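The structure under discussion appears below in the form of structure tokens.
Just so it is clear, the model here is predicted, and its values are computed rather than measured. In listed order, ligands and their atoms are each counted from 1. Numbers here are sequence positions counted from 1.
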Amino acid sequence: MTPPLILVSNDDGYHSEGIRVLADALGSLGEVWVVAPDRENSAVSHALTLSRPLRLTQLAERGFAVDGTPTDCVTLGVGQVLKGRTPDLVVSGINFGANMGDDVHYSGTVSAAFEAVILGVPAIAVSQVIWSEFSYAFAGRFARLIATRVLGRGLPPGVLLNVNIPPSRPKGVRFTRLGKRTYGEGVVEDTDPRGRKCYWIGGGDPVWEDIPGTDYAAVGAGYTSITPLQLDMTDRDQLLLLDSEVAAWDLEGS
Ligand code: MN
């Protein structure tokens, strides 16, 4: 039996510690290839580079850096580096910092995994929550465990697993839904050396709503959180409601 083909990417960059830990942890499970951004790309979401060509730089036998986004990396990983061979699994991470709740929409880590899902490849995103001291050791071990499960049982089309590892030794695992975060001070105003106003986004500490069953609640209680996420963001209830209303809409007069 051929060993599983595993593509690893991230948004912190090829040279980050987290992706080393992840690639090493998955090494015993199959043939691991790393295709990652050549520099940090956190919070770039699902951006795809269409306005310029991309460079693919080989840095190891199975390691490549791309001067692009995490989505570019998965696209080039599947379409060029592994050309002709479809990976059995894509794992993104281990991100330096949580990717929970609303933040999954900004996350390059989660978007790299979603890109794999779009390409029909099962995917996992792994993030290390950092509140004070932390170690990647638990995250590496857990990534291997959950990768083994997904390689064995697969995932439904359109679904990925978003994993967040607590800062200290996890008490166990909780399966969760996305939490809710509010930024207290979303915009911080400053003045640049030339006297012009400038602004920082995300300056304040994030404040989380304490909602039972969420990723934040699980990690806050010391557990590893696993949230199944789906690519299809259609709200089916609203779809039915709108459909039931449309006959009464004045479409001609508007
Ligand atoms: Mn990151």
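- The aromatic rings of F64 and W33 lie parallel to each other, with less than 30° between the two planes, well short of the 60° mark.
- For the pair R39 and Y14, the cation-pi test (distance below 6.0 Å, angle within 45°) is failed.
- Near-neighbour remark for the Mn ion (ligand 1): protein N, O or S atoms under 2.8 Å are D11 OD1, D12 OD1, S42 OG, N95 OD1; waters not counted.
- For the atom pair CZ of R149 and CD1 of I226, the computed distance is 9.0 Å after rounding to the nearest 0.5 Å.
- With rounding to the nearest 0.5 Å, the separation of CG in N41 from CG in D11 is 7.0 Å.
- By the 4.0 Å N-to-carboxylate-O rule, R181 lies too far from D215 to be salt-bridged with it.
- Counted by atom type alone, T227 and T176 present one or more donor-acceptor pairs between their side chains at under 3.5 Å.
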